[in-house]
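The sequence lines fix the lettering, A, B, ..., with proteins before strands; numbering per chain opens at 1.
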Amino acid sequence: AQSVTQLGSHVSVSEGALVLLRCNYSSSVPPYLFWYVQYPNQGLQLLLKYTTGATLVKGINGFEAEFKKSETSFHLTKPSAHMSDAAEYFCAVSLSTDSWGKLQFGAGTQVVVTP
Amino acid sequence: DVKVTQSSRYLVKRTGEKVFLECVQDMDHENMFWYRQDPGLGLRLIYFSYDVKMKEKGDIPEGYSVSREKKERFSLILESASTNQTSMYLCASTTRWADTQYFGPGTRLTVL
């Protein structure tokens with residue numbers, strides 16, 4: 001079984017400031033970890049993922065995340081926020097042993113970017 | 001590019017009506033999923049299918065059923081819609097053992 005906890009349902013950042021979204025997971029086997037973004041009135045778009053290999057993964061739009069097994073975390077960062085980063089962000093986990101690829105999602109974090 | 005389409009972006013139905021939500025993917029994916037999205041709860045898996053005519057319950061299947069008669073199409077059925085089924089419904093697909101799910105734009109269903 002697996003679960004995801006996202007800390008903070010709403011985050012407000014100033015344009016140009018660091019974006020940090022926190023995600024902790026639990027998993028009975030090695031996990032696959034994902035960050036998805038949802039812009040208003042749209043479906044989810046993959047930002048980045050960790051499956052195996054390098055623990056620091058880079059995604060689209062300047063985002064990156066680091067898999068820390070000892071902390072069971074997969075926090076998302078972006079050095080400098082842009083107005084277009086305003087969206088809802090979801091962390092998700094699946095089990096590497098699951099051929100169906102079922103995802104367990106966190107509750108989401110709404111990001112507001114202020115000028 | 002993978003494309004997942006959903007039949008309606010917005011839908012308004014009355015309590016007790018039978019509701020069909022359709023999802024079509026164009027990449028020959030084996031696995032298809034239906035989620036509902038509610039504020040503060042994230043996405044929760046309703047049903048998924050790993051092949052034609054094959055289905056498995058997700059975390060919240062009560063009040064829903066599904067149909068997959070063709071590989072590219074996965075339907076979610078609300079046999080008798082209730083107000084607590086007012087939500088955003090998202091469809092996704094992926095190949096077997098693949099790690100990335102591709103999502104449709106969602107259907108916002110309101111049950112009055």
Separation of A:K102 NZ from B:D59 CG (nearest 0.5 Å):
8.5 Å
Portion of A:T51 that has a non-hydrogen atom of chain B nearer than 4.5 angstrom
side chain
Is chain B contacted by the side chain of A:Q110, its backbone, both, or neither, given a heavy-atom distance below 4.5 Å?
neither
Quick check on the interface: out of B:F48, B:Y35, B:F33, who has the most heavy-atom pairs with chain A under 4.5 Å?
B:F48
Within this structure, what is the CG-CZ distance for the pair B:L90 and A:F105, rounded to the nearest 0.5 Å?
8.5 Å
Return yes if some donor-acceptor pair links the side-chain N/O of B:R9 with the main-chain N/O of A:N41 below 3.5 Å, else return no.
yes
If you take all heavy atoms of A:A107 and B:G40, which pair is closest and at what distance?
CB-O, 3.4 Å
Pick one of side chain, backbone, both or neither for A:L46, based on which atoms fall under 4.5 Å of a heavy atom in chain B.
side chain
Give a yes or no on whether the backbone of A:G101 and the side-chain of B:Q101 come within a donor-acceptor separation of less than 3.5 Å.
yes
Minimum-distance pair of heavy atoms, taken over all atoms of B:F103 and A:L44
CB-O, 3.5 Å
Quick one: which of B:Q37, B:M88, B:E30 has the most heavy-atom pairs under 4.5 Å with chain A, could you say?
B:Q37
With only heavy atoms counted, which part of A:Q38 is less than 4.5 Å from chain B, the side chain, the backbone, both or neither?
side chain
Would you kindly confirm whether A:Y32 and A:W35 end up in one hydrophobic cluster when ILVMFWY residues are joined by side chain heavy atoms under 4.5 Å apart?
no
Which portion of A:Q45 sits near chain B, non-hydrogen atoms under 4.5 angstrom:
neither
With a 4.5 angstrom heavy-atom cut-off, which part of B:E56 approaches chain A: side chain, backbone, both or neither?
side chain
